[in-house]
Amino acid sequence: MVFGFLRRIKSWIVWSWTYLWAFWFLLVLFVVYYLRGPLKIIENIGMATMFLSTLTPKFYVALTGTSSLISGLILIFEWWYYRKYGTSFIEQVSLNHISPWIGGGDNGGEANNVAVNTNTTVTSQQAVPECKVWRNPLNLFRGAEYQRFYWATNKEPLTYYDMNLSAQDHQTFFTCEGDCGKAEYEIMQTAWRERNPVARIKAAHDALEKNADCASAYILLAEEEATTILDVEKILKQAVRAAETNYRKSQQMQHQGSVMEALHRRDTNVLIYIKRRLAMCARKLGKLKEAVKIFRDLTKEVPPIMNVLNIHENLIEALLEMQAYADAQAVLAKYDDISLPKSATICYTAALLKARAVADKFSPDIASKRGLTTVEMAAVEAIHRAVEFNPHVPKYLLEMKPLILPPEHVLKRGDSEAIAYAFFHLTHWKQVEGALNLLHCTWEGTFRMLPYPLERGHLFYPYPTCTECADRELLPAFHEVSVYPKKELPFFILFTAGLCCFTALLALLTHQYPESMGMVAKTMLSWVSLPFYYLLDKLEAVLPSNLLQLLSRI
């Protein structure tokens, strides 16, 4: 009971200082003014002025020198603490101890509640996974989208490193040892390695002249020569007919040796790739049901290429566009498994679907007063999980950073993956009312739960340190790469450093020019005190001279 009474007193004090601080300040000034007689304020001010006027310049030198020494020691301690723990000691004390007492501890309580669920904490994990580049499941078409961007802005949207990775993928998927002696496929082997896009397109046409059923040549033309999605779809429909013909032929002979087996595997890869790109064309043209059907059929396939294409991410994005959230949740439940690799699409879609249940009614002020409900807690935990996996995404979803066209390859947990995700999923977050507001209120709370330095993670492996270099290779030069964790000096370290330098400069000037600095100090004090004396004169003209006299008259 006593504890509850103390909490009510504390909440009342917090409320009063939140809204009535100006009134309290004026009340204190009023009381001090009326008690200036009994307290002998004017006499004490006169004595202090007399005392200050008798001080010698050596005192000011000693005073400023001592202040500089103290601020320098604070700066050294702050810098040491920052290098060791990655945060400012003063800021940490104010956030963890002073701010919760004054402000009710909203953020801290939320972080503590979320941190309770640590059953999957990976504190014992030592190995940090290497940075592996993955093919972007939602990569755009070079001719119909990347090239049109270049025509409009005269900026190259793709880097040579990114395109070189794509060339290696195409050689792996669309060529095999069974192509030896076939002129059209030998031409295409050269075309995939060609750096000049005009030469690549010419080689594809030459291959089609040799063999009208060369499906990989159609793929290259659809990717690079077609300038609209309608043209891409038209060429891919020709490609899928040729690919199905080649697939049926190789399927009948796949058991006649390793060469024929490799040929059938290549034809399977070509057919799956073409169908996936056809489904992406249908998605872009608004034929969502057709796209979802193709994506569902493809997710049932089991060839090795399926591990690279990640078609389930295409399916999730198309279902979100249809606002078929139950179907998206069903697909997500299948792939958001502990044994499967995570991605920004998996983690942030899970967060979006959980946020959808509470986002439209969520209010940070109400939540801070009554606490988070179970559903709200689940949504906040999902957001924290997603942000820990890829901390770059929120700034793009909240439009704090400009988006660019996504690259053809992404680095998981890197800036490239964040761009690729936000480019396609920003509209889905906007469709869910209040989802971006919930993300804005909660995403930064993730970083308070993570240890620093980042030698261990919370829900995932420690954040890799190699992402910045890989992202700079994948992303164009005109884009400012997002870096995490980016060490920014806390405010109090900068403030202490400035204070130390300023006081040291004052000490030096006072020592060299004592009389001039004394005149400057008196002039500045007179300027600062002018408004105060002006207010005193006005108050004396309006109010009685002594509160005790007024009370005796009453």
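On a predicted model such as this, the values are computed, not experimentally measured, just so you know.
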Are side-chain heavy atoms of [X] and [Y] found at a separation under 4.5 Å?
{"X": "Glu145", "Y": "Ile229", "value": "yes"}
{"X": "Glu468", "Y": "Leu411", "value": "no"}
{"X": "Leu320", "Y": "Gln431", "value": "no"}
{"X": "Trp429", "Y": "Tyr348", "value": "yes"}
{"X": "Val240", "Y": "Leu236", "value": "no"}
{"X": "Lys284", "Y": "Val232", "value": "no"}
{"X": "Arg277", "Y": "Glu223", "value": "yes"}
{"X": "Gln168", "Y": "Trp192", "value": "no"}

For the side chain of [X] and the backbone of [Y], is there at least one donor-acceptor N/O pair under 3.5 Å apart?
{"X": "Ser250", "Y": "Tyr247", "result": "yes"}
{"X": "Arg148", "Y": "Thr227", "result": "yes"}
{"X": "Ser416", "Y": "Asp471", "result": "no"}
{"X": "His440", "Y": "Leu436", "result": "no"}
{"X": "Arg276", "Y": "Phe295", "result": "no"}
{"X": "Lys234", "Y": "Ala226", "result": "no"}

Give a yes or no on whether Glu433 atom CD has more than 12 heavy-atom contacts from other residues, nucleotides or ligands under 6.0 Å away.
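It does not: Glu433 CD has 12 such atoms or fewer within range.
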Take atom NZ of Lys395 as the centre, draw a 6.0 Å sphere, and report whether it contains more than 12 heavy atoms from other residues, nucleotides or ligands.
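Incorrect, the count does not exceed 12.
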Shortest non-hydrogen contact from [X] to [Y]?
{"X": "Tyr218", "Y": "Ala242", "result": "CE1-CB, 4.3 Å"}
{"X": "Leu208", "Y": "Cys214", "result": "CD2-O, 3.7 Å"}
{"X": "His392", "Y": "Asp415", "result": "CD2-N, 3.6 Å"}
{"X": "Glu224", "Y": "Pro197", "result": "OE1-CB, 3.9 Å"}
{"X": "Ala215", "Y": "Ile274", "result": "CB-CD1, 4.1 Å"}
{"X": "Glu317", "Y": "Leu138", "result": "CG-CD1, 4.3 Å"}

Side-chain ion pair, Glu408 and Arg142, N-O less than 4.0 Å
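Looking at Arg142 together with Glu408, the answer is yes, because their closest N to O distance falls below 4.0 Å.
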What verdict does the side-chain contact (heavy atoms from CB on, under 4.5 Å) test give for Leu165 and Leu474, after you've listed the backbone C-alpha separation in whole Å, the side-chain angles of each residue and the deciding distance to 0.1 Å?
CA-CA 10 Å; Leu165 290 175; Leu474 289 172; 4.0 Å; yes
Quick check for you: to the nearest 0.5 Å, what is the distance between [X] atom [atom1] and [Y] atom [atom2]?
{"X": "Arg413", "Y": "Thr467", "atom1": "CZ", "atom2": "OG1", "answer": "9.0 Å"}
{"X": "Ile383", "Y": "Trp443", "atom1": "CD1", "atom2": "CH2", "answer": "12.0 Å"}
{"X": "Leu438", "Y": "Leu352", "atom1": "CG", "atom2": "CG", "answer": "10.0 Å"}
{"X": "Leu319", "Y": "Leu288", "atom1": "CG", "atom2": "CG", "answer": "9.5 Å"}
{"X": "Asn269", "Y": "Arg265", "atom1": "CG", "atom2": "CZ", "answer": "8.0 Å"}
{"X": "Thr245", "Y": "Leu271", "atom1": "OG1", "atom2": "CG", "answer": "10.0 Å"}

Please collect all ring pair (Phe, Tyr, Trp, His ring centres under 6.0 Å) contacts where either partner lies in [range], sequence neighbours excluded, each pair once.
{"range": "residues 132-166", "value": "none"}
{"range": "residues 268-291", "value": "Phe174-Tyr273"}
{"range": "residues 307-328", "value": "His312-Tyr335"}

Contacts of type side-chain hydrogen bond (donor to acceptor under 3.5 Å, both in side chains), residue Asp336, not counting sequence neighbours:
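Expected list: Arg385.
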Ring of Phe389, cation from Lys342 - is the NZ or CZ under 6.0 Å from the centre and inside 45° of the axis?
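So Lys342 doesn't make the cation-pi contact.
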State which residue, out of Arg283, Lys287, Lys289, fulfils the salt bridge (charged side-chain N to carboxylate O under 4.0 Å, His left out) condition with Glu321.
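Exactly one pass, corresponding to Arg283.
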Apply side-chain contact (heavy atoms from CB on, under 4.5 Å) to Thr159 and Glu473, showing your working.
CA-CA 7 Å; Thr159 63; Glu473 294 288 336; 5.9 Å; no
Do Asp231 and Thr228 pass the side chain to side chain donor-acceptor pair (under 3.5 Å) test, and can you show the C-alpha distance, the side-chain angles, and the key distance before you say yes or no?
CA-CA 5 Å; Asp231 293 338; Thr228 65; 3.0 Å; yes
Please work out which of the three classes, parallel, tilted or perpendicular, describes the rings of His428 and His425, given edges at 30° and 60°.
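His425 and His428: perpendicular rings.
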side-chain hydrogen bond (donor to acceptor under 3.5 Å, both in side chains) pairs, two or more places apart, involving residues 205-215
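Passing the test, one end in residues 205-215: Glu184-Asn211, Lys202-Asp206, His205-Glu225.
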Only one of Lys412, Glu313, Glu417 forms a side-chain hydrogen bond (donor to acceptor under 3.5 Å, both in side chains) with Ser343, so which one is it?
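Exactly one candidate clears the test, Glu313.
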Given the rule in the side-chain contact (heavy atoms from CB on, under 4.5 Å) test, do His479 and Ile419 qualify, once you have shown the distances and angles that lead to the verdict?
CA-CA 11 Å; His479 173 70; Ile419 293 171; 3.4 Å; yes
Decide yes or no on side-chain contact (heavy atoms from CB on, under 4.5 Å) for Leu405 and Phe423, but give the supporting numbers first.
CA-CA 7 Å; Leu405 294 185; Phe423 186 85; 3.6 Å; yes
By ring pair (Phe, Tyr, Trp, His ring centres under 6.0 Å) - contacts of Phe424 (at least two apart)
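In terms of ring pair (Phe, Tyr, Trp, His ring centres under 6.0 Å), with neighbours along the sequence ignored, Phe424 is linked to no residue.
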